[in-house]
**Q** 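Mind looking over this structure? Questions follow.
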Amino acid sequence: MVTSILNRFTGAGLSVGLLLMVYWLTAVAGGPVAQARAARILSLPVAKLFYVGLVIAFSYHLIAGIRHLVWDTGRGLEKSQARRSAWWVAAASVALMLVIIYCAWLGGGHPR
Amino acid sequence: MAEFRLPRNSRIARGVTHAAAAGATQVRAVRIYRFNPDSGENPRLDTFELDTKSCGPMVLDALIQIKAATDSSLTFRRSCREGICGSCAMNINGVNRLACTTPMQELQGDIRIYPLPHMPVVKDLVPDLTHFYAQYAAVKPWLQTRTPAPPDRERLQSKEEQEKIDRPAACILCACCSTACPSYWWNSERYLGPAALLAAYRWIIDSRDEATGERLDELEDPFRLYRCHTIMNCTDVCPKDLNPARAIAEIKKMLVERTS
């Protein structure tokens with residue numbers, strides 16, 4: 001139940017994130033003035049907070065989606081298995097989130 | 001469509017408290033949803049202080065005791081008192097289950113009893129299951145054959161073939177699963193729900209049934225079957241430990257496999 005609700009919410013959140021990406025793409029295509037403005041807006045602290053939310057949503061939605069793919073093959077549908085995989089989804093999505101945050105912002109793997 | 005508040009005439013008011021009899025030693029509060037369509041009033045939540053020593057160990061025993069000793073107007077369905085008829089399905093402490101197989105001892109705090117969620121209420125704990133039964137009938141839950149039966153005996157099954165339908169056929173149609181399903185709450189007019197789909201599955205995989213194709217055709221519909229989003233509440237609450245979620249996944253698989 002909880003995993004299902006979270007999957008819906010993160011999915012909805014990702015669609016909102018897509019709108020932001022569309023904005024960025026149109027700005028990039030719209031010439032240097034628009035680009036500069038977009039770069040300013042998208043690096044505001046509020047925007048960065050939003051990216052953290054997006055990373056959480058992306059990680060969870062991806063991992064939970066893989067769980068659904070496995071279910072669609074008819075596997076892992078026993079009650080005990082589903083309980084266990086719910087915890088795996090939680091753990092794996094937190095791990096994926098940390099990896100993304102490390103790579104994107106803390107400079108992991110990319111000396112600046 | 002999703003609704004997040006109860007309709008105005010369904011909102012639950014504070015009810016009456018029936019104090020325990022003097023000298024009661026093991027008192028537990030049992031809070032019960034009450035609704036009387038004839039009164040024109042909103043539903044209310046009554047509190048019965050019950051001496052658990054005065055009755056048997058199950059929630060159904062408590063209800064029977066309250067009806068006998070405190071309030072004879074309390075209305076609920078029950079019959080077998082051993083988990084095989086499915087009549088006393090209700091929402092107890094937030095989970096759909098059978099009152100007769102739920103020991104009071106396993107429940108934390110006050111005992112809170114409501115009718116099965118998101119169903120029209122006839123009275124108190126009695127939900128209107130007309131639509132639920134109609135959906136069961138819609139999957140044609142009987143053996144359909146084209147070929148004549150052997151003249152001298154029944155249509156036989158191997159032990160393995162029987163084992164396939166053994167669990168799904170154990171469904172008692174208590175409606176715990178369907179009324180625990182958010183997809184069913186929001187789309188029950190078009191989504192069949194886990195109980196009916198489990199029944200459909202039971203006949204699809206029956207080795208003696210010869211209408212498998214038609215049965216699958218009937219289910220190949222964006223709503224009837226595919227409103228299942230594997231939320232797993234059905235399997236979680238089933239008092240008979242059946243697995244409607246897996247049955248639905250298997251039906252979806254069969255629909256894919258027959259086109260490829």
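Letters go in sequence order (proteins before strands), and every chain restarts at 1.
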**Q** Can you tell me if B:Glu163 has over 12 outside heavy atoms packed within less than 6.0 Å of its CD?
**A** yes
**Q** Test: salt bridge (charged side-chain N to carboxylate O under 4.0 Å, His left out). Region: residues 250-260 of chain B. Which pairs qualify, not counting sequence neighbours?
**A** B:Asp217-B:Arg258, B:Glu220-B:Arg258, B:Glu250-B:Lys253
**Q** For B:Asn243, is it the side chain, the backbone, both or neither that has a heavy atom under 4.5 Å from a heavy atom of chain A?
**A** side chain
**Q** Heavy atom to heavy atom, less than 4.5 Å: which residues from residues 82-100 of chain B reach chain A?
**A** none
**Q** At a heavy-atom separation under 4.5 Å, does A:Thr3 approach chain B through its side chain, its backbone, both, or neither?
**A** neither
**Q** Can you tell me how far CE of A:Met1 sits from CG of B:Asp236, rounded to the nearest 0.5 angstrom?
**A** 10.0 Å
**Q** Flag yes if more than 12 heavy atoms outside B:Phe35 fall under 6.0 Å of its CZ atom; otherwise flag no.
**A** yes
**Q** Under 4.5 Å from any heavy atom of chain B, what part of A:Arg75 do you find: side chain, backbone, both or neither?
**A** neither
**Q** Can you list the steps and then say if B:Arg246 with A:Trp71 is a side chain to side chain contact (heavy atoms under 4.5 Å, CB included)?
**A** CA-CA 9 Å; B:Arg246 200 184 55 208; A:Trp71 276 344; over 6 Å; no
**Q** Side-chain contact test, heavy atoms from C-beta onward, threshold under 4.5 Å: evaluate it for B:Thr230 versus A:Leu77 and give yes or no.
**A** yes
**Q** Under the side-chain hydrogen bond (donor to acceptor under 3.5 Å, both in side chains) definition, can you give me all pairs with a residue in residues 9-24 of chain A, not counting sequence neighbours?
**A** A:Thr10-A:His61
**Q** What parts of residues 79-90 of chain A touch chain B if we use heavy atoms and a cut-off under 4.5 Å?
**A** A:Lys79, A:Ala82, A:Arg83
**Q** Roughly how far, to the nearest 0.5 Å, is OG of A:Ser4 from NE2 of B:His229?
**A** 8.0 Å
**Q** Within a radius of less than 6.0 Å around CZ of B:Arg155, do more than 12 heavy atoms belonging to other residues, nucleotides or ligands occur?
**A** yes
